[in-house]
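Below is one structure, written out as structure tokens; comments come after it.
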Amino acid sequence: MVAAQNRRIDQLVEKLEQQQDKLDKQSLHLQMLQTKVSHKRLKPHRRRDGETAARREETQQATGGVRDCHHLYVRGQRASGVYTIQPEGSEPFAVFCDMTSEGGWTVIQKRYDGAQNFNQLWEGYKRGFGSLDGEFWLGLEKIRSVSKQGPYQLQVELSDGAGQQLPVARYLFQLDGEEEKFALHLEDEAPSPRKSTGSSGIPFSTADRDNDLSEDVSCAKLLSGGWWFSSCGDWNLNGRFPRRPSGPSRKQTRKMFWTSKGRRHSVRTTLLKIAAHHNEAQK
């Protein structure tokens with residue numbers, strides 16, 4: 001009887017996840033429609049929006065040419081939010097800055113409610129996706145343009161499936177360019193609550209660009225999302241968002257996870273951010 005009940009639970013969970021997949025696709029379609037509608041509504045009101053446009057231009061002029069969020073912090077900005085930066089040798093682009101007492105951090109990934117689909121292909125991860133005011137992936141090209149300016153640090157802030165904050169992890173961080181498949185180099189900083197999970201020099205992989213070190217399987221297809229997979233390794237913060245508590249499901253391994261001290265944690269919220277290593281945060 002117990003075995004029959006477990007099989008029934010598996011079937012129900014599978015149906016729920018299939019329905020959730022359909023809802024995700026419908027949500028993305030609605031977002032696209034809403035964007036088109038918003039653009040059409042904005043056209044007749046361009047004159048009324050002159051003051052807003054002027055303020056936006058003023059903000060961009062004030063923030064244009066700055067290298068990263070800490071540069072903004074040094075210039076006196078203290079409020080977290082969306083700003084325009086211009087790393088050396090790069091075109092200006094918008095980022096979300098997390099301003100803390102230590103300095104300004106450039107956020108490269110944020111997840112907290114599952115509104116954004118992270119099961120994207122290479123071009124999506126290369127250019128970035130999502131909303132800077134919500135969930136997003138900044139984009140490998142933009143991350144590279146910021147981090148190549150000098151020694152940078154990556155800070156990882158996570159909460160587990162129960163909503164408990166995991167210890168903050170910090171690493172020395174370097175990202176190669178696309179010619180090296182955006183390979184990630186991490187070096188532990190002492191004291192650090194975790195090891196770097198063997199991710200130094202590991203190229204980035206997606207379902208359509210299998211660059212992982214596993215010979216038998218595509219980790220991106222197996223685990224969902226794009227990440228620096230070794231042999232389907234110890235962490236994937238771009239997997240499926242856990243929409244319900246952990247339970248018996250064949251898709252459980254596709255959800256976000258992080259391994260620390262030999263223990264695998266399910267992950268519910270993520271915040272990945274980088275800052276120049278000479279920040280006050282490192283002094």
Side-chain angles (χ1 to χ4, degrees), residues 17 20-21 24-25 27-28 31 95-96 106-132 134-144 146-147 154-161 166 169 171 173 175-176 178 181-186 194 196-200 202-214 217-243 246 249 251-260 264-274:
E17 292 188 339
Q20 188 60 56
D21 287 340
D24 288 342
K25 293 178 181 178
S27 176
L28 288 172
Q31 289 177 17
V95 296
F96 188 93
T106 305
V107 179
I108 65 173
Q109 190 250 42
K110 186 177 184 180
R111 303 185 73 178
Y112 60 93
D113 64 2
Q116 173 62 44
N117 177 19
F118 273 70
N119 194 22
Q120 305 278 338
L121 300 179
W122 183 266
E123 284 300 316
Y125 274 101
K126 175 182 173 181
R127 298 178 181 178
F129 52 83
S131 170
L132 292 176
E135 294 192 326
F136 67 91
W137 173 262
L138 182 60
L140 292 164
E141 287 185 321
K142 294 175 182 176
I143 299 170
R144 162 68 175 167
V146 174
S147 62
L154 168 70
Q155 179 157 310
V156 181
E157 301 176 14
L158 310 172
S159 71
D160 62 19
L166 296 175
Y171 307 105
F173 171 85
L175 187 67
D176 293 337
E178 187 173 15
K181 304 174 184 176
F182 296 111
L184 174 69
H185 302 268
L186 295 181
R194 300 184 185 86
S196 62
T197 65
S199 295
S200 184
I202 302 299
F204 197 84
S205 288
T206 56
D208 61 334
R209 296 282 185 92
D210 184 9
N211 298 320
D212 61 56
L213 304 185
S214 176
V217 67
S218 166
C219 297
K221 290 181 179 179
L222 176 67
L223 300 177
S224 182
W227 194 252
W228 296 277
F229 300 108
S230 54
S231 55
C232 302
D234 296 323
W235 56 335
N236 176 17
L237 301 182
N238 288 334
R240 283 175 172 265
F241 188 83
R243 298 186 177 278
S246 299
S249 172
K251 293 186 179 180
Q252 187 65 31
T253 56
R254 302 184 68 188
K255 297 175 182 176
M256 296 186 292
F257 66 92
W258 178 274
T259 300
S260 172
R264 190 166 181 166
H265 299 271
S266 62
V267 175
R268 186 160 189 87
T269 66
T270 69
L271 182 67
L272 308 183
K273 56 189 184 181
I274 59 175

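Shortest non-hydrogen contact noted between S147 and L175 is OG-CB, 3.9 Å. In terms of heavy atoms, F173 sits closest to L184 at CE1-CD1, 3.3 Å. Residues L132 and F96 share a closest heavy-atom pair of O-CD1, 3.3 Å. Annotation for G225 and A220: closest pair O-CB, 3.5 Å, computed over non-hydrogen atoms. Taking each heavy atom of S230 and C219 in turn, the nearest pair found is O-SG, 4.4 Å. Across all non-hydrogen atoms, the minimal contact from T270 to M256 is CG2-SD, 3.9 Å.
Although no hydrogens or angles enter the test, the distance criterion places no donor-acceptor pair under 3.5 Å between the side chain of D212 and the main chain of S205. Remark: the backbone N or O of G226 is paired with a side-chain donor or acceptor of Y125 at under 3.5 angstrom. Of the possible polar contacts, none joining the N211 side chain to the P203 backbone as a donor-acceptor pair under 3.5 Å is found. A donor-acceptor pair is defined here as one N or O able to donate and one able to accept, closer than 3.5 Å; no such pair exists between the side chain of W258 and the backbone of V267. The closest donor-acceptor contact from the side chain of Q109 to the backbone of L237 lies under 3.5 Å. Put simply, the side chain of W228 gets close to the backbone of F182: a donor and an acceptor are under 3.5 Å apart. Using modelled atom types, one side-chain atom of N236 and one backbone atom of S224 make a donor-acceptor pair closer than 3.5 Å. Between the side chain of E135 and the backbone N or O of Q116, at least one donor-acceptor pair lies under 3.5 Å.
Rounding to the nearest 0.5 Å gives a distance of 7.5 Å between CG of L138 and CD1 of I274. Note that OG1 of T206 is 9.5 Å distant from CZ of F229, once rounded to the nearest 0.5 Å. Atom CG of L271 sits about 13.0 Å away from atom CZ of R111, to the nearest 0.5 Å. Note that NZ of K273 and CG of L154 are 10.5 Å apart. Values are rounded to the nearest 0.5 Å. The CH2 atom of W122 sits 8.0 Å away from the NZ atom of K181 when rounded to the nearest 0.5 Å. Here D176 contributes atom CG and H185 contributes atom NE2; the two are 3.5 Å apart, rounded to the nearest 0.5 Å.
Considering only heavy atoms from C-beta on, Y171 stays 4.5 Å or farther from Q155 through its side chain. In this structure, V146 and I108 have side chains that are not in contact, with every pair of non-hydrogen atoms separated by 4.5 Å or more.
With sequence neighbours left out, the ring-ring contact (aromatic ring centres under 6.0 Å, His included) criterion links F118 to F129. Remark: K110 engages no residue in a side chain to side chain donor-acceptor pair (under 3.5 Å) (not counting sequence neighbours). With sequence neighbours left out, the side-chain contact (heavy atoms from CB on, under 4.5 Å) criterion links D160 to A162, Q164, L166.
Electrostatic pairing of E178 and R144 does not count as a salt bridge here, judged by no charged N lying under 4.0 Å from a carboxylate O.
The residue from W235, F257, F204 that alone fulfils the ring-ring contact (aromatic ring centres under 6.0 Å, His included) condition with W227 is W235.
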